[in-house]
Each structure stands twice: as C-alpha cells, then as structure tokens.
**Student:** 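Got a structure here, written out as structure tokens. Questions coming.
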Amino acid sequence: MRALPGRGRLARSWPRRYLGAREVAMRERVREILAREQAGGEVEVRGWLRTARHAKGRSFLEVSDGSCFAGLQAVVEPEIANFEAVRGLRNGCAVVVAGELVASPGGEQRFELQATRVEIVGEVGDDYALQKKRHSFEFLREIAHLRPRTNTIGAVLRVRNAASRAIHDFFQERGFLYLHSPVITASDAEGAGELFRVTTLDPGDPPRDASGAVDHGEDFFGRQAFLTVSGQLEAEIAALALTDVYTFGPTFRAENSHTSRHLAEFWMVEPEMAFCELDGDVEVAEAFLKAVIGAVLEACPDDMAFFEKRIAPGVIETLEHVVETPFERLTYSEAVEILQRSGRDFEFPVEWGVDLQSEHERYLAEEHIGRPVVVTDYPAAIKAFYMYLNDDERTVRAMDVLVPKVGEIIGGSQREHRLDVLTRRIQAAGLDLAEYWWYLDLRRHGSVPHAGFGLGFERLVQFVTGVANIREAIPFPRVPGYADF
RNA sequence: UCCCCGGUAGCUCAGUUGGCAGAGCAAGCGGCUGUUAACCGCUGGGUCGUAGGUUCGAGUCCUACCCGGGGAGCCA
C-alpha cells in the first residue's frame, strides 16, 4: 500500500465523524493493525461491535470494520469519561475507539486496544435481529441489509472481492482487453434459457397492431428487447478485432429454477480468444481457475480458515489440490465409456448421445478422477449451434470443466468460424438466419479460428467458500419469487 | 415445472396415542467476573404459515393454498 504522509495519526479535533478524502485513503483498518509486527503507538478504529462483554471493572468491545475476519478487542476502563454509556453498548453498535495498541494478556488475540476515548456513533434497538449466535442462512436472507455483518457473509464478500480482483489480474497480465458487453439485447442470441423482457409499454394497455397483437414497434427500442443471457456473441465481435478480450458482468436468466445452484441474476466471466482452438481454450481455462483460486487462498487466509472450520471441512485441501495438480482431460466418448464401465447404478443410464447428468459429472470429478476434469468433444446434437463441428460431423469442439461438489463450473468451446458450416448449423437448429446476419457476416470478413468459455462467478465463489447454497455467494440474491433489497 | 421434507416465542428447535403450549439463546431487571458466542438468577414474551374440514376436544388427523429447504430438469 502507498505510504501517505501522516498516515495513522489521529485527527486533530476528535471525534471526527466525517473524514476527508485524504483521511479516508490514509485510515488504518483493523486488518492492517492486526498485521503489525509489534504493539505500541496510538491507533483509532471505526466500526461495529461484534460483541461487548461488560465485566465489573472494565468492558471488552470487539470492533469490526469488515477489513478482515477478526475484530480488534478494545478494553475500556472506568476512567474513560463516558464509561457508563459504554456499559450499555452491545452487539451491532457503531463506535469510534482510540487508544494505545498493546500486547493482549488474553490468549485469543495478539493485540488489543487500550481505549483512551470511545465515541458512540450509532446505537442499536432492542429489536436488532443479529444475535451473538448461529442464525440459519434462510433467516439471514430475510435481513439482507444486516447480513454482511455476519461472519459468513462478511467472509464471502471479502472472498468475492479477492476473486474479482484476481480475475482482472489474470486477464490483464496476459494482455486481454476488458470488454463491456451490453446488458440489454434485442435477440435471444444463443437460446440459452428464458429471457427477461425489457419494455416501457403500459402492461395494462399496450399498443396493438391491426391483428390485435402487441405492437413492439411502439416500444422503447422499436422492437422487443431483453436482458442479456450471455456476452459471448459480442465478445466474439471484439475478439475478431482486438484478439483477446473478456467480459465480466451481470447476466440474467428467467428460468423457474429452484435449486442451490441457480440465480436469476448472476455475474459471468467470458473470455474470447482469436487465433485459438480448443486446446488453447482448455489450457487458458485451467490456468485461469488455478490463478484465481490460488490468489484467494493467499489473499484471504483467515476467511478461508473460517470456511474450513465452520462451513465446509476439507475445502482448503480441495482447493490446494486444484491449484497444484494438472486437470484430467477426457473426451465425451471416453467419459461415457468410463461411466458405463463404472458398475454404478445411475438413476439416468449413460449412453452415447445423451448429455451427462449431474450425478455423472459428480462421479467423474469426485470419485473416478478426484480432481477437476475437462470433458471435450460432445455430441453436436446436445450443444449449441455456434460450436466448431469436428470432422466426424457428429461431435463439436466443446469443453466443460467439472469440479467436485459443484459440477460444471466452466463451459466453453471453439467457435464455428466457417461460413458454410455455421449457416448449415443455424438452419439445422431451426433458427432464423436473418437474426444472425452480423454473426454470419463476421465469418465473411477476416474470419479466424477462435474460442472462449464462460464461468459462473457465483458458482466459483460457492466452490471456493463451500457455502451450500449459491444465494450465500452473492450479496443480494435474485431468485424466482424474491427480489427484495 | 416435477418429486420429497419442513413452517410452533425475536432466533434455533422440542412437543408422546388427538387431552392445560415448552427449552436454549435473545430482550428487560439484578448479580458476578481480564472477558473470548462470557457466566448465574428472576421477569416478560405465542393468531402453532393461511383458509376450510373431521372430532366432545386439533400444534398433532384430512383437503387446498402460501412460504422455505433438499433433489431433478434447465443451465452458469
């Protein structure tokens, strides 16, 4: 971090409720205080009480500012001017505490703050919902405005942040350009799921054409519009000019999916690389997952230790394994053979031509291989029209990365860049060639082999943190029937 | 959308064969203590998801609906 002049010094008039830009940039967080080499010196922390323990002779306040998993314990003695008011503090109160950083005689923390001043900035009411006990995740979702103050969600949000940063770092270091693909789209680009309609028409009295149908020509965009289900097609446009690009933004699916792995609004990462075929795609995907997971392990050790202890025992070993060992590679045909020879009694029998079920993916990644598996070359009939058709005419250059517990975390492919084949595939899929005129036009002018993949960001966060439900991997989950906060 | 499980105090849950609605935590009050989700005592706190039905009597049995969870499908 930058060394700014005067950093860590107390503001002249105290307490200062409002910090200037310079002071905000300079303020020392609990994370940095706890990382100090040794005790000593004046510090000031601003945050919310995780707990307040009032003993007869003194009070113990654990102040968290969200910068790290642990809080800083402040010890308040009766000599403090507003000691009686401090006695009334409890879990959730907002405070500013200043004092000397000293070695802690208590066994559970290295340092503590011997308070010289305590300002009570915000108290809590008797009905404050967060208690110093375990709450169910279901209940916490109903109080999403307080949820980030909990151990689990606070840790998830820090991991989410670290993973976001690692994603940008990975691509930026390799010369990828960050492309902002549109959120509003006019066509159901790849048929990937149900779309949310975007309209400004009066739902109770829309304009109608001569036949009585809703006249979308009168709508805001002069035609039907939707929220994007993927930035891939736009990423292909950019890749065929800028070589390597990636998108990282919100994506929307209006499917009525009620599972622990689906959200109606989620974030997706989609790199797209020109002059790249399936092998390169797989290599980038593997390096990408390893880099991001490795970066989180390094950036958030305390948060990860919490997940290991309380949420998903074994998660750290699983992640380290992912970072250290090469991914297994199988073709779809090989995977089918392995599954058929497994002797397993699957609910859905395996045969060449049908898509792999969750139980099959989990068997491959968790039991048969025991580490991430990349399955390639799926039957053309079960994959999207834009995937490159192999010479056998029955498989496409698709790849799925399967990880233990979560299943498919990355799906990608080499794209069909041959005009004649793509035209044929669009028609075979029953799609309207006219809708894809620009996508086809790209194949007429300077078309090159290119490939990319998509990663569901919340599924990555879910995999890394071990939270059972994807709704805990995003600060404000949107699912069928629920969009509060 | 389909299958299974659940909904009882602010929270987490128990509630027997249909027979007076309970505990822990939280809250309020008091006590104790360099404390660690502190501890001890007392007090207050209920439309048993909603609407019907069976019954002398329903938290408990039946029906429908709502909400939550798990699984499947769809997918990232």
Side-chain angles (χ1 to χ4, degrees), chain A residues 49-62 70-77 88 90-92 102-109 112 114 124-143 146 150-151 190-194 228-232 247 250-270 310 346-348 354-362 382-384 400-403 406-412 453-463 468-474 479-482:
Chain A
L49 299 187
R50 272 293 161 72
T51 176
R53 293 178 291 270
H54 302 290
K56 189 165 194 179
R58 55 184 62 77
S59 284
F60 298 90
L61 310 177
E62 188 180 333
L72 179 63
Q73 170 163 286
V75 185
V76 188
E77 308 281 354
R90 56 203 184 90
N91 172 35
V102 299
S104 177
E108 304 198 8
Q109 57 276 318
E112 63 187 23
Q114 190 64 50
V124 302
D126 291 348
D127 58 342
Y128 185 58
L130 280 181
Q131 301 172 14
K132 291 183 292 185
K133 56 166 277 190
R134 271 194 63 130
H135 289 290
S136 68
F137 288 134
E138 294 80 17
F139 172 67
L140 291 177
R141 277 177 223 144
E142 294 169 8
I143 51 168
L146 302 173
T150 63
N151 282 338
E190 52 168 311
E194 296 294 310
T228 184
V229 293
S230 167
Q232 180 198 315
T247 72
T251 309
F252 307 87
R253 303 276 168 92
E255 276 146 20
N256 192 15
S257 295
H258 244 105
T259 82
S260 57
R261 302 185 307 282
H262 288 85
L263 293 165
E265 175 184 287
F266 62 98
W267 286 62
M268 190 147 67
V269 180
E270 294 178 291
R310 290 292 166 87
F346 292 114
E347 188 184 345
F348 296 91
V354 304
D355 206 357
L356 300 181
Q357 305 290 322
S358 298
E359 58 175 342
H360 306 142
E361 297 180 345
R362 250 178 279 127
I382 59 171
K383 288 291 182 182
D400 283 356
V401 179
L402 313 178
V403 295
V406 172
E408 182 187 336
I409 197 168
I410 282 178
F453 60 83
L455 167 95
F457 184 58
E458 283 73 19
R459 290 209 178 151
L460 175 70
V461 174
Q462 201 181 353
F463 180 59
N469 196 310
I470 200 167
R471 294 166 203 202
E472 271 65 70
I474 188 168
V479 296
Y482 193 82

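Order of the sequence lines sets the chain letters (A, B, ...), proteins ahead of strands, with each chain counted from 1.
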**Student:** Calculate the interatomic distance between A:F137 atom CZ and B:rG70 atom C1'; express it in whole Å.
**Tutor:** 16 Å
**Student:** Test A:V229 against A:E255 for side chain to side chain contact (heavy atoms under 4.5 Å, CB included), laying out the working first.
**Tutor:** CA-CA 11 Å; A:V229 293; A:E255 276 146 20; over 6 Å; no
**Student:** Which whole number of Å gives the distance between the P atom of B:rU12 and that of B:rA58?
**Tutor:** 29 Å
**Student:** One pair to check against side chain to side chain contact (heavy atoms under 4.5 Å, CB included): A:E77 and A:Q114. What are the steps and the verdict?
**Tutor:** CA-CA 8 Å; A:E77 308 281 354; A:Q114 190 64 50; 3.2 Å; yes
**Student:** According to a strict under-4.0 Å criterion, is A:R261 in side-chain N/O contact with OP1 or OP2 of B:rG71?
**Tutor:** no
**Student:** Considering only the P atoms, how many Å lie between B:rU8 and B:rA14, rounded to the nearest integer?
**Tutor:** 10 Å
**Student:** Can you measure A:F252 atom CZ to B:rA76 atom P for me and round it to whole angstrom units?
**Tutor:** 16 Å
**Student:** Taking OP1 and OP2 of B:rG68, is either one under 4.0 Å from a side-chain nitrogen or oxygen of A:N469?
**Tutor:** no
**Student:** For A:K56 and B:rG31, give me the distance from atom NZ to atom P, rounded to whole Å.
**Tutor:** 8 Å
**Student:** When the P atoms of B:rG6 and B:rC13 are considered, how many whole Å apart are they?
**Tutor:** 14 Å
**Student:** What's A:Y128 touching, base or sugar-phosphate or nothing? Going by heavy atoms closer than 4.0 Å.
**Tutor:** nothing
**Student:** Between B:rU43 and B:rA26, how many Å separate the two C1' atoms, rounded to a whole number?
**Tutor:** 14 Å
**Student:** May I ask which nucleotide in the shown strands pairs with B:rG46, Watson-Crick or G-U wobble, both distances under 3.5 Å?
**Tutor:** none
**Student:** Taking the minimum atom-to-atom distance to the side chain of A:E108, which one of B:rU35, B:rA37, B:rG69 wins?
**Tutor:** B:rA37
**Student:** Hey, does A:T251 reach any base, or is it just sugar-phosphate, or nothing, if we go heavy atoms under 4.0 Å?
**Tutor:** nothing
**Student:** Checking base pairs now: Watson-Crick or wobble, both atom distances under 3.5 Å. What partners B:rC2?
**Tutor:** B:rG71
**Student:** For atom P, what is the distance between B:rC67 and B:rU50, given to the nearest Å?
**Tutor:** 15 Å
**Student:** If you measure from the P atom in B:rA9 to the same atom in B:rC5, how many Å do you get, rounded?
**Tutor:** 22 Å
**Student:** Taking only Lys NZ, Arg NE, NH1 and NH2, and the carboxylate oxygens of Asp or Glu, determine whether A:R471 and A:E458 approach each other closer than 4.0 Å.
**Tutor:** no
**Student:** Check the pair A:R53 / A:Q73 against side-chain hydrogen bond (donor to acceptor under 3.5 Å, both in side chains), numbers first and verdict last.
**Tutor:** CA-CA 10 Å; A:R53 293 178 291 270; A:Q73 170 163 286; 3.0 Å; yes
**Student:** Any donor-acceptor pair under 3.5 Å linking the side chain of A:H360 with the backbone of A:F348?
**Tutor:** yes
**Student:** Base, sugar-phosphate, or nothing for A:R310, non-hydrogen atoms under 4.0 angstrom?
**Tutor:** nothing
**Student:** Could you tell me which nucleotide pairs with B:rG24 by Watson-Crick or G-U wobble geometry, both distances under 3.5 Å, or answer none if nothing does?
**Tutor:** B:rC11
**Student:** Decide yes or no on side chain to side chain contact (heavy atoms under 4.5 Å, CB included) for A:E142 and A:H135, but give the supporting numbers first.
**Tutor:** CA-CA 11 Å; A:E142 294 169 8; A:H135 289 290; over 6 Å; no
**Student:** So, for A:H258 and A:P480, which heavy atoms are closest and what is the spacing to 0.1 Å?
**Tutor:** CE1-O, 3.9 Å
**Student:** With a non-hydrogen cut-off below 4.0 angstrom, is A:E112 in contact with a base, only sugar-phosphate, or nothing?
**Tutor:** base
**Student:** Does B:rC61 pair with anything, Watson-Crick or G-U wobble, both distances under 3.5 Å, and if so, with which nucleotide?
**Tutor:** B:rG53
**Student:** Using whole Å, report how far CD1 of A:I409 lies from C1' of B:rC75.
**Tutor:** 14 Å
**Student:** Starting at the 5' end of RNA chain B, which residue's closest nucleotide do you reach first, A:E458 or A:V75?
**Tutor:** A:V75
**Student:** Taking atom P in both B:rC61 and B:rC74, compute the distance separating them and give it to the nearest angstrom.
**Tutor:** 36 Å
**Student:** Using a 5.5 Å cut-off between ring centres and planes within 30 degrees, is A:F266 stacked on the base of B:rA76?
**Tutor:** yes
**Student:** Can you tell me the distance, in whole Å, between the CD atom of A:E361 and the P atom of B:rA76?
**Tutor:** 11 Å
**Student:** Could you list all N or O pairs between the protein and nucleotides 7-14 of chain B that sit under 3.5 Å apart?
**Tutor:**
from	atom 1	to	atom 2	distance (Å)
B:rG10	N2	A:Q131	OE1	3.1
B:rG10	N2	A:Q131	NE2	2.7
B:rG10	N3	A:Q131	NE2	3.4
B:rC11	O2'	A:K133	NZ	3.3
B:rC11	O2'	A:H135	ND1	3.0
B:rC11	O2	A:K133	NZ	2.5
B:rU12	OP1	A:S136	OG	2.4
B:rU12	O4'	A:K133	NZ	3.4

**Student:** Which nucleotide sits closest to the side chain of A:K132: B:rU33, B:rA76, B:rA38?
**Tutor:** B:rA38
**Student:** Could you state the CZ-C1' distance from A:R53 to B:rA26, rounded to the nearest angstrom?
**Tutor:** 17 Å
**Student:** Grab the N/O contacts between the protein and nucleotides 27-30 of chain B below 3.5 Å, and write none if there aren't any.
**Tutor:**
from	atom 1	to	atom 2	distance (Å)
B:rG28	OP1	A:D126	OD1	3.1

**Student:** In whole Å, what is the span from the NE2 atom of A:H262 to the P atom of B:rA76?
**Tutor:** 8 Å
**Student:** Quickly work out the A:L356 CG to B:rA72 P distance and round it to whole Å.
**Tutor:** 14 Å
**Student:** Looking at every strand, decide which applies to A:R50 at a 4.0 Å heavy-atom threshold: base, sugar-phosphate, or nothing.
**Tutor:** nothing
**Student:** Starting the side chain at C-beta, find the nucleotide from B:rU35, B:rU1, B:rG69 nearest to A:R471.
**Tutor:** B:rG69
**Student:** Applying side chain to side chain contact (heavy atoms under 4.5 Å, CB included) to A:R253 and A:F266, what does each step give before you reach the verdict?
**Tutor:** CA-CA 8 Å; A:R253 303 276 168 92; A:F266 62 98; 3.6 Å; yes
**Student:** Between A:R261 (side chain only) and A:I470 (backbone N and O only), is there a donor and an acceptor less than 3.5 Å apart?
**Tutor:** no
**Student:** For A:Q73, answer base if it contacts any base atom (sugar-phosphate contacts may also be present), sugar-phosphate if it contacts only those atoms, and nothing otherwise; contact means non-hydrogen atoms under 4.0 Å.
**Tutor:** base
**Student:** Can you tell me if the side-chain N/O atoms of A:S260 get under 4.0 Å from OP1 or OP2 in B:rG71?
**Tutor:** yes
**Student:** At 4.0 Å (heavy atoms only), tell me whether A:Q109 reaches a base, stays on the sugar-phosphate, or touches nothing.
**Tutor:** base
**Student:** Can you work out whether A:V479 or A:L263 has the more 5'-proximal nearest nucleotide on RNA chain B?
**Tutor:** A:V479
**Student:** Kindly compute the distance separating CG (A:D400) from CZ (A:F453), expressed to the nearest 0.5 Å.
**Tutor:** 12.5 Å
**Student:** Name the one of A:N91, A:N151, A:T150 that satisfies side chain to side chain donor-acceptor pair (under 3.5 Å) with A:R50?
**Tutor:** A:N151
**Student:** How far, in whole Å, is B:rU16 from B:rG7 if one measures between their P atoms?
**Tutor:** 12 Å
**Student:** With a 3.5 Å distance limit and no angle check, can you tell me whether A:Q462 reaches the backbone of A:S260 through a side-chain donor-acceptor pair?
**Tutor:** yes
**Student:** Considering every strand and a 4.0 Å limit on heavy-atom distances, what is the contact class for A:S257: base, sugar-phosphate, or nothing?
**Tutor:** base
**Student:** Measuring from A:L146:CG to A:L130:CG, what's the distance to the nearest 0.5 Å?
**Tutor:** 5.0 Å
**Student:** Quick one: label A:N91 by what it contacts on the DNA or RNA (base, sugar-phosphate, nothing), any heavy atom closer than 4.0 Å.
**Tutor:** nothing
